[in-house]
2 protein chains.
Amino acid sequence: MGRWEPNSKGRLQDAALTLFCERGFDQTTTAEIAARAGLTERTFFRHFTDKREVLFGGHELLRTLIIKAVEDAPPQYGAFRAVLAGVDAAAVQLGSFRRDLSRQRRLVIAANPELRERELAKLDDYAGAVTAALKVRGIDEPTAHLMASLALTLLHLGLKHWTSEVDDQTLVEVVHRYTENFRAEIAKNQ
Amino acid sequence: MGRWEPNSKGRLQDAALTLFCERGFDQTTTAEIAARAGLTERTFFRHFTDKREVLFGGHELLRTLIIKAVEDAPPQYGAFRAVLAGVDAAAVQLGSFRRDLSRQRRLVIAANPELRERELAKLDDYAGAVTAALKVRGIDEPTAHLMASLALTLLHLGLKHWTSEVDDQTLVEVVHRYTENFRAEIAKNQ
DNA sequence: TGACTGATGTCAGTCACTGACTTAACTATA
DNA sequence: TATAGTTAAGTCAGTGACTGACATCAGTCA
């Protein structure tokens, strides 16, 4: 056995989610989270840049996943289809998580404005990466930005539905339905 | 003359923008802003819920303006056109501000992640309001959300261009150009 | 064996933000 | 006109997120 219990970061994340569910985000101090994980507050801030960040693990992984899907989309795909390939990849990944944990996390975030703000920032970070990937495919900057933003909104919406509703659709199916409705509405062009 | 100098809120906003430009957001304390405005820190927090908020005055006004434009769009307009009417209204309003002040503000926000986060939250707030207005027009929730998000991204992009570039286009013109490019790209549908 | 590393602890500090209470000019009303 | 209420501030004493500097000590490597 090592000098310390292993996986301190993961223990902090688990402790935080549990406490946030029990008492709420504001009613939980970083010292309490650390104590529950058998660590000190100072160590919490070595693993996470701030209190909110503890809820957003796995963020970089998802970003690289999306980007890769956009980059690897068939070269004849335009911006819209390329970006949808990215959304699909993310939806498959997110849809493979335990739905109940995703729902817990969503409830905590929904209950707190600061956390919603951070979630938007994460989405924007993804969107920035997707924009860059689209530019490599020859799309002009503003259009790339709009497509990226559209894609992430789509994913976000789908995730909200998937974690709140109790129907049989997979996350991917939900996203596809939303996409088609949107495309039809734009095509009307009136 | 009244007991206090008038327009304390405005003085705080001016003092904040000046200090943020001089030293940066992080290097300025709320006490310093208050002192420069001839007030105390406690009063700062009576006017603004937090330090960042001092940079986002006029927010409610712009929101009602956008919503009204969406609501007042001709009934035969679909979601896309209705939402573009909202963008136009906002662009006209924002485009009427002094470009140099808008640029100052943009530089401060761009230099600080917390401020960018708050700006995204404001955009999301607008988007939520626009979504509601679209639902009244009979648009289904997810499509309304996507259209609203698209509109606000368009506005945000245009504003970034308008405050950074030095060309002759008005904000409204910039937004229209972006819109057309985007519509064309989606219409390709490949 | 001894120097080095790396994850953690300890401690003291700064600063955003809040609650409770106070102050004094303005306003309305008896 | 006196008085009571309102309002926009000030004062003060917190709490808690976050940081920098330094200490510890099991494991590793020369």
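By convention in this document, chain letters (A, B, ...) are assigned in the order of the sequence lines, proteins followed by strands, and residues within each chain are numbered from 1. The shown structure was predicted, so the numbers you read here are calculated from the model rather than taken from an experiment.
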Visitor: Work out which heavy atom in A/Ile139 is nearest to a heavy atom in A/Ala144; give both atom names and the distance.
Guide: CG2-N, 3.6 Å
Visitor: Using the salt bridge (charged side-chain N to carboxylate O under 4.0 Å, His left out) rule, take A/Glu71 and A/Lys68 through it: C-alpha gap first, then chi angles, then the decisive distance, then the call.
Guide: CA-CA 5 Å; A/Glu71 288 171 345; A/Lys68 188 161 170 28; over 6 Å; no
Visitor: Less than 6.0 Å separating the ring centroids of A/Tyr178 and A/Phe182?
Guide: no
Visitor: Do the side-chain N and O atoms of A/Thr153 and B/His145 include a donor-acceptor pair separated by under 3.5 angstrom?
Guide: no
Visitor: Indicate the ring-plane relationship of A/His59 and A/Tyr126, choosing parallel, tilted or perpendicular according to the 30° and 60° boundaries.
Guide: tilted
Visitor: Report the base-pairing partner of D/dA30 (Watson-Crick or G-U wobble, both distances below 3.5 angstrom), or none.
Guide: C/dT1
Visitor: Measure CD/A/Gln27 against C1'/D/dA17 and give the value in whole Å, please.
Guide: 15 Å
Visitor: Rounded to the nearest Å, what distance is computed from the CG atom of residue B/Leu12 to the C1' atom of nucleotide C/dA16?
Guide: 15 Å
Visitor: Output the rounded distance in Å from CZ (B/Phe45) to P (C/dA20).
Guide: 18 Å
Visitor: Please report, rounded to the nearest Å, how far the P atom of C/dC17 is from the CG atom of A/Asp26.
Guide: 13 Å
Visitor: Answer yes if the side chains of B/Gln76 and B/Arg81 hold a donor-acceptor pair under 3.5 Å, and no otherwise.
Guide: no
Visitor: Take the protein atom CZ of B/Arg52 and the nucleotide atom P of C/dC17, then report the distance between them rounded to whole Å.
Guide: 7 Å
Visitor: When every nucleotide of nucleotides 4-16 of chain D is labelled 5' to 3' by its protein contacts under 4.0 Å (heavy atoms), B for base, S for sugar-phosphate only, - for none, what sequence of letters results?
Guide: ----BBBBB----
Visitor: So how far is it from A/Glu60 CD to A/Asp125 CG, rounded to the nearest 0.5 Å?
Guide: 8.0 Å
Visitor: For DNA chain D, determine which residues of residues 108-120 of chain A have any heavy atom closer than 4.0 angstrom to one of its atoms, and list them numerically.
Guide: none
Visitor: Go through the structure and list residues passing side chain to side chain donor-acceptor pair (under 3.5 Å) with A/Arg52, not counting sequence neighbours.
Guide: B/Glu117
